[in-house]
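Everything below concerns the one structure shown next.
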Amino acid sequence: MENKRFLTAQDVMEMLGVSLSYSYKLIRRLNAELEADGLREENRSLKDKLERAYEFMKQFVIGGINLLEKFMEWIGERVKDVGRGR
């Protein structure tokens, strides 16, 4: 078999000696695992970025309130606006 980047269900069937329908089932399962791993990694990356942003924002003070608190206050106002249908 030539060197391929992706395998078809037919390729999996021939390589493993299983039915075509089982090949599709295996491919779906493997794709789901890959997607879950990718999402976990993406979530971890976003969490790290948010933590760094929070730490950065805590350093700055505007009107006696650090930037993080000011940001959280602003977010709270936006949430209230959405609740009011604005």
Exercise for the section: Show the numbers, then the answer: is there a side-chain contact (heavy atoms from CB on, under 4.5 Å) between Leu26 and Leu16? Expected result: CA-CA 11 Å; Leu26 287 173; Leu16 301 179; 3.7 Å; yes
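- Residues meeting the side chain to side chain contact (heavy atoms under 4.5 Å, CB included) test with Asp37, sequence neighbours left out: Arg40.
- In terms of heavy atoms, Ile27 sits closest to Leu7 at CD1-O, 4.4 Å.
- Checked by atom type and distance alone, the side chain of Ser23 pairs as donor or acceptor with a backbone atom of Ser19 at under 3.5 Å.
- Both Tyr24 and Met13 belong to a common hydrophobic cluster when Ile, Leu, Val, Met, Phe, Trp and Tyr are linked at side-chain heavy-atom distances under 4.5 angstrom.
- Side-chain heavy atoms closer than 4.5 Å link hydrophobic residues (I, L, V, M, F, W, Y) into clusters, and following such links, even through other members, never connects Tyr22 to Leu20.
- Between Lys47 and Arg44 the shortest side-chain heavy-atom distance does not fall below 4.5 Å.
- Counting only N and O atoms by type, the side chains of Thr8 and Asp11 include a donor and acceptor under 3.5 Å apart.
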Which pairs would a plain distance check flag for residues 51-75, meaning a side-chain donor or acceptor within less than 3.5 Å of a matching protein atom at least two apart in sequence or in another chain?
from, atom 1, to, atom 2, distance (Å)
Glu55, OE2, Lys58, NZ, 3.3
Asn66, OD1, Leu68, N, 3.0
Asn66, OD1, Glu69, N, 2.7

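- Taking NZ of Lys25 as the start and CG of Leu30 as the end, the distance is 12.5 Å to the nearest 0.5 Å.
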